[in-house]
Protein chains: 2
Amino acid sequence: MLSKKTKYGIKALTYLARRENNEPVQIAEIARSEHISIKFLESILLLLRNSGFLGAKKGKGGGYYLIKDPKEISMAKVYRILEGPIALLPCASHNFYEKCDDCDDESTCAARRLMTEVRDNTLKILESNSLADIAF
Amino acid sequence: MLSKKTKYGIKALTYLARRENNEPVQIAEIARSEHISIKFLESILLLLRNSGFLGAKKGKGGGYYLIKDPKEISMAKVYRILEGPIALLPCASHNFYEKCDDCDDESTCAARRLMTEVRDNTLKILESNSLADIAF
DNA sequence: AAGTAATCTACTAAGCCGATAGGATAATGG
DNA sequence: CCATTATCCTATCGGCTTAGTAGATTACTT
C-alpha cells in the first residue's frame, strides 16, 4: 500500500502540472484544494524541491512551481523519491539491492523469482508514464 | 515493500511444495531450513491453515502439510491473505475498495489512474502464477 | 499414560507514519 | 528599512504495525 506521503506528493505535482501558467503556488492553496494537512504537505513539497522536481520562491507572491516540463518527469523517479524502492523485496531491487540474510541461495528463492517479475512490470509502467500522462 | 510475514509465508509454502511426499512437516524443520524464527513462523503457518491452504496434525509425526495441489494455489490469493490488498491505493482495489476522503472526484485523480494500471498488471502476474509455477 | 507437537493468548520492544508546533530565514512591497 | 509573506528547518508526538517472545493448553501417537 502506498503511503499518504506518496499519494499527496503525486496529487500536488498533478495540481501544479494542471495550471496553465507556471507561477508559484502557495502550499496552503494546494493543501486546501486537495484536502491535505498543510504542515504535512509542506514537508513533502520540501522533499520534492530538494530532489529537483520543484522550485520555490519565498516572500510575497511566493510558492512552489514545477522546474521541468511535466512530460519530462518520470513517475518512476517520483515514486522512488516519495515511496522508496519499486521492488517488493530488497533482493529484487536494482537501485536498492540488498541480500537477504535468511536466503542460502538466491537463485532458487521462489519469492524472489515472483517478486522480480512483478517489479519488472511495475517499473515498466511507472517509467512509461510521465506526470503529463497522468495529469491530463 | 513486502512484509517478512509474506516473504516467510511464501518460502514456507514453497518448502512444503518441494517435498516429494505430502507428509506433515514440523514448524521447527521449516524454520531451521529457511532461517526463520520458530515462533514467528508458527503464527504465519497458523494463518495459512485457517485460510485453507494448509492442514495440521498434532502430536508425534505431526506438522503442517499442503491441503491442495500446488498447481491450484494462486499466488494472488496467497498474497491477499498474507500481505493484504494487491492495489496500492484503497480506491484502486477490487476486494478492499474504499473511497478516499480527500478526493473530490475519483475520475480525475491522477494517482488513482496510475495505481489502477499498476494494480491490473500486478494482479495479472500474481493470478497467472501458481505455487507450482514458482516452486519448480 | 507419556511424550510430542500444534494451538492459542498475551505481551513487548522497536520503528514508522501522519500530523503538529514553533521559530529561523529569505524575499518582496511600500 | 521595516513589515509582511511564505518557505525552511528542527523537534516532537500519539498511534499503529512489525517482528519476535513466553507460557500454558490441547490433541494426537505409541
Side-chain angles (χ1 to χ4, degrees), chain A residues 1-12 16 23-32 34-67 81-85 88-90 96 100-102 111, chain B residues 1-12 16 23-32 34-67 81-85 88-90 96 100-102 111:
Chain A
M1 278 280 166
L2 228 55
S3 65
K4 293 208 172 178
K5 184 163 99 178
T6 304
K7 181 175 146 194
Y8 291 165
I10 293 177
K11 283 186 144 195
L16 291 173
E23 310 221 311
V25 182
Q26 293 172 35
I27 299 175
E29 178 185 332
I30 305 177
R32 205 181 318 116
E34 303 291 334
H35 309 108
I36 304 172
S37 139
I38 293 189
K39 279 294 192 177
F40 189 36
L41 179 60
E42 189 185 305
S43 69
I44 297 169
L45 294 179
L46 195 57
L47 171 63
L48 288 172
R49 182 191 151 271
N50 290 333
S51 306
F53 294 103
L54 300 180
K57 208 179 150 188
K58 292 187 180 183
K60 195 163 198 175
Y64 284 95
Y65 52 91
L66 285 175
I67 242 175
I81 295 294
L82 292 168
E83 189 72 19
L88 291 173
L89 287 175
F96 301 84
C100 299
D101 40 358
D102 58 287
Chain B
M1 280 279 166
L2 228 53
S3 65
K4 293 209 174 179
K5 184 163 98 177
T6 304
K7 181 174 146 196
Y8 292 166
I10 294 178
K11 282 186 145 196
L16 291 173
E23 310 222 311
V25 182
Q26 292 173 35
I27 298 175
E29 178 185 331
I30 305 177
R32 205 181 318 118
E34 302 292 333
H35 308 107
I36 306 172
S37 138
I38 292 189
K39 279 296 193 175
F40 188 35
L41 179 59
E42 185 186 306
S43 68
I44 297 169
L45 294 179
L46 194 58
L47 172 62
L48 288 172
R49 183 191 151 269
N50 290 332
S51 306
F53 293 105
L54 300 180
K57 209 178 150 187
K58 291 189 179 181
K60 194 162 198 179
Y64 284 95
Y65 52 91
L66 286 174
I67 242 175
I81 294 294
L82 292 169
E83 189 72 18
L88 291 174
L89 288 176
F96 300 83
C100 299
D101 40 356
D102 58 286

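FYI, side chains are in, hydrogens and waters are out, and symmetry mates aren't considered; it's all heavy atoms of this structure. What you see is a predicted model, and the numbers here were worked out from it, not measured in a lab. Note on naming: letters A, B, ... go to the chains in the order of the sequence lines (proteins, then strands), and numbering restarts at 1 for each one.
Listed by first then second residue, pairs satisfying salt bridge (charged side-chain N to carboxylate O under 4.0 Å, His left out) with a partner in residues 37-46 of chain A read K39(A)-E42(A), not counting sequence neighbours. Listed by first and then second residue, the salt bridge (charged side-chain N to carboxylate O under 4.0 Å, His left out) pairs involving residues 46-66 of chain A amount to none (not counting sequence neighbours).
Here the P atom of nucleotide dA6(D) and the OH atom of Y65(A) are 16 Å apart, to the nearest Å. Protein atom CD of Q26(A) is 17 Å distant from nucleotide atom P of dA27(C), rounded to whole Å. For the pair I27(A) CD1 and dC9(D) P, the interatomic distance rounds to 12 Å; values are reported in whole Å. Here dC16(D) presents its C1' atom at 16 Å from CE of M1(A), a figure rounded to the nearest Å. Rounded to whole angstrom, the span from the CD atom of E23(A) across to the C1' atom of dT28(C) amounts to 15 Å. Distance L82(A) CG to dC17(C) C1': 14 Å, rounded to the nearest Å.
With dA19(D), dC8(D), dG18(C) as the candidates, the nucleotide lying closest to the side chain of K5(A) is dG18(C). Comparing dA19(D), dT7(D), dG18(C) by their nearest atom to the side chain of S3(A) picks out dG18(C).
Near DNA chain C, defined here as any heavy-atom distance below 4.0 Å, the residues from residues 47-60 of chain B are R49(B), A56(B), K57(B), K58(B), G59(B), K60(B), listed numerically. Within residues 37-45 of chain A, the residues having any heavy atom under 4.0 Å from DNA chain C are, by residue number, S37(A), K39(A), F40(A).
Between K4(A) and D102(B), none of the side-chain N atoms (NZ, or NE/NH1/NH2) sits under 4.0 Å from a carboxylate O, so this pair counts as no salt bridge.
Of the possible polar contacts, none joining the E34(B) side chain to the A12(B) backbone as a donor-acceptor pair under 3.5 Å is found.
Scanning for side chain to side chain contact (heavy atoms under 4.5 Å, CB included) contacts around S43(B) gives F40(B), with sequence neighbours left out.
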Provide a list of protein-nucleic acid N or O atom pairs under 3.5 angstrom, restricted to nucleotides 10-13 of chain C.
none

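Here the side chains of Y8(A) and L82(A) are not in contact, with every heavy-atom distance at 4.5 Å or above.
Expressed to the nearest 0.5 Å, how far CD1 of I44(A) lies from OG1 of T6(A) amounts to 8.0 Å.
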